[in-house]
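One-based numbering along the sequence shown. Note that these values count all heavy atoms, side chains included, but never hydrogens, waters or copies made by symmetry.
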Amino acid sequence: MTTENLNRTERLERSLGDWMRAHLPFYLAEFVMFVLKQGWAAIFGILLLGGLIVTDWIWQDSWRVARYDALLIYALLLQAFLLTTGMESWREARVILLFHLTGTVMEIFKVHMGSWAYPGDGVIKLWEVPLFSGFMYASVGSFIARVIRLFNMRFAPYPPYWATILLACAIYGNFFAHHFLPDLRLLLFAATVILYLRTRIWFSVGAQTYWMPLPVAAFLSSFFLWLAENVGTSTRTWLYTGQTVETWVSLAKMGSWYLLLYVSFATVTLVFREALIAPKRTVPKQSTPAP
């Protein structure tokens with residue numbers, strides 16, 4: 001592809017990648033570019049976490065606007081900024097809306113069941129759940145949609161699509177049903193591995209193609225989401241039952257995020273179905289650059 005056929009973001013990435021490869025050893029340059037692209041894909045979530053931290057530092061109870069309401073306004077303005085600047089596409093916005101809806105439903109139920117709570121004040125709430133909370137789930141959807149596009153990801157060999165949707169529904173349903181019925185979490189963990197055991201995420205960094213097993217990617221992503229959860233609780237945005245701001249979120253929540261990522265991935269594939277095909281060009285059989 002010629003430089004003239006690249007959009008502004010791709011030209012910037014090409015220039016940055018060329019500079020990195022000219023000044024750093026090849027594999028170090030590839031790693032740096034990988035990290036930078038991951039951060040760029042997660043821009044919505046990073047800026048949202050920044051909003052949690054800044055408002056926790058500066059907010060006063062005497063201010064006329066409650067912190068939760070200000071966070072909702074901030075999230076809406078952030079979303080509008082990303083769309084108007086082209087940093088996020090309207091197609092990706094559809095994914096974000098799906099996540100916002102499913103996330104808010106889960107939040108309302110979990111808060112009602114006492115799993116966690118939002119201790120701050122806010123006017124714009126539904127059943128004690130501030131509406132900005134849906135954007136926390138939406139940021140996960142935004143990341144998955146953007147990372148697929150930025151890395152030109154393909155998922156192959158991909159399991160039967162109906163089976164992935166069925167598993168996602170079972171995982172999502174278990175987050176509600178386990179309050180009344182036996183928890184099927186262990187069986188669902190096993191099902192994710194069995195169903196996606198052969199599925200590789202093929203992705204590009206510059207001209208090179210790499211791959212990673214999908215369950216490994218889900219596990220690594222769940223760790224970073226667990227870190228993000230600790231930002232949320234340390235800023236008193238939400239707290240789990242019995243938790244204080246000084247207490248780290250239980251590592252068991254990584255398991256919850258690991259499962260939720262499969263729900264998230266299935267939701268994204270409702271819009272990005274073209275990624276669920278084998279790469280058109282020959283790809284390597286190992287996790288090293290293509291020759």
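Cluster annotation: W248 and L239 are assigned to distinct hydrophobic clusters (Ile/Leu/Val/Met/Phe/Trp/Tyr, side-chain heavy-atom contacts under 4.5 Å, transitive). If you chain together hydrophobic residues whose side chains sit under 4.5 Å apart, I73 and L131 never meet in one group. Residues L261 and V193 share a hydrophobic cluster, clusters being chains of Ile/Leu/Val/Met/Phe/Trp/Tyr side chains in contact below 4.5 Å. V249 and L260 fall within a single hydrophobic cluster, where Ile, Leu, Val, Met, Phe, Trp and Tyr side chains are chained together by heavy-atom contacts under 4.5 Å. No path of Ile, Leu, Val, Met, Phe, Trp and Tyr side chains, each step under 4.5 Å between heavy atoms, connects F81 with L83, placing them in separate hydrophobic clusters.
Taking every heavy atom of both residues into account, P119 and W238 meet most closely at CD-CA, 4.1 Å. For V205 against E30, the heavy-atom pair with the smallest separation is O-OE1, 3.2 Å. Here the shortest heavy-atom pairing between A266 and Y161 reads O-OH, 4.2 Å. Taking both residues in full, the closest heavy atoms of A70 and W59 are given as CB-CH2, 3.3 Å, listed atom of the first, atom of the second, then distance. When all heavy atoms of R198 and P157 are compared, the closest pair comes out as O-CD, 3.1 Å. I144 and V147 make their closest contact through O-CG1, 3.3 Å (heavy atoms, listed as atom of the first residue, atom of the second, distance).
Between Y137 and H100, the distance separating the two ring centers is not shorter than 6.0 angstrom. Note: Y74 and F132 fail the aromatic proximity criterion, with ring centroids not under 6.0 Å apart. In summary, the aromatic rings of Y262 and Y196 are positioned with their centroids under 6.0 Å apart. Taking the six-membered ring for Trp and the full ring otherwise, the centers of F176 and F180 sit at least 6.0 Å from each other.
Using a distance-only test at 3.5 Å, with no hydrogens or angles considered, no donor-acceptor pair links the side chain of S221 to the main chain of A218. The backbone N or O of T209 lies less than 3.5 Å from no partner atom in the side chain of S204, so there is not a single donor-acceptor pair. Side-chain atoms of W202 come within 3.5 Å of backbone N or O of A156 as a donor-acceptor pair. Between the side chain of T104 and the backbone N or O of L101 there is no donor-acceptor pair closer than 3.5 Å. Here the side chain of W226 pairs no donor or acceptor atom with the backbone of A252 at under 3.5 angstrom.
Side-chain contact between F99 and V268 is present, with heavy atoms from C-beta onward closer than 4.5 Å. No side-chain heavy atom of Y68 sits less than 4.5 Å from a side-chain heavy atom of S133. Contact of the L184 side chain with the I171 side chain is not registered, since no non-hydrogen atoms from C-beta on lie closer than 4.5 Å. Side-chain contact between F265 and F155 is present, with heavy atoms from C-beta onward closer than 4.5 Å. The closest side-chain heavy-atom distance from N152 to F203 is not below 4.5 Å. Counting heavy atoms from C-beta outward, V129 and H112 have side chains that stay 4.5 Å or more apart. By the 4.5 Å heavy-atom criterion applied to side chains, L48 and L52 are not counted as neighbours. Residues Y118 and E128 form no side-chain contact, since every pair of their non-hydrogen atoms from C-beta on lies 4.5 Å or further apart.
The number of heavy atoms from other shown groups lying within 6.0 Å of CH2 (W63) is above 12. Heavy-atom neighbours of R236 CZ from other residues, nucleotides or ligands within 6.0 Å: at or below the threshold of 12.
Here the CZ-NE2 distance, from F109 to H179, works out to 5.0 Å after rounding to the nearest 0.5 Å. Atom CD of E229 and atom CZ of F224 lie 15.0 Å apart (nearest 0.5 Å). Interatomic distance, OG1 of T233 versus CD of E246, reported as 10.0 Å (0.5 Å rounding). Rounded to the nearest 0.5 angstrom, I124 CD1 and L72 CG are separated by 5.0 Å. L276 contributes atom CG, which lies 8.0 Å from atom CD of E274 (distance to the nearest 0.5 angstrom). Distance check, rounded to the nearest 0.5 Å: CZ of F135 to OG of S142 gives 11.0 Å.
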Residues M106, V263; criterion side chain to side chain contact (heavy atoms under 4.5 Å, CB included); working and verdict: CA-CA 12 Å; M106 181 179 290; V263 180; over 6 Å; no
F143 and L225: CA distance, side-chain angles, deciding distance, side chain to side chain contact (heavy atoms under 4.5 Å, CB included) verdict: CA-CA 11 Å; F143 168 74; L225 287 167; over 6 Å; no
Residue pair I201, F151: steps toward the side chain to side chain contact (heavy atoms under 4.5 Å, CB included) verdict: CA-CA 10 Å; I201 303 176; F151 284 90; over 6 Å; no
Side chain to side chain contact (heavy atoms under 4.5 Å, CB included) between T237 and T55, worked out: CA-CA 10 Å; T237 308; T55 54; over 6 Å; no
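Remark: R200 qualifies as a cation-pi partner of W211 under the 6.0 Å distance and 45° angle criteria applied to the six-membered ring. At least one test fails for K110 against the ring of F175: distance under 6.0 Å to the centre or angle within 45° of the axis.
Using a 30° and 60° split on the angle between ring planes, Y240 and W116 fall in the perpendicular class, above 60°.
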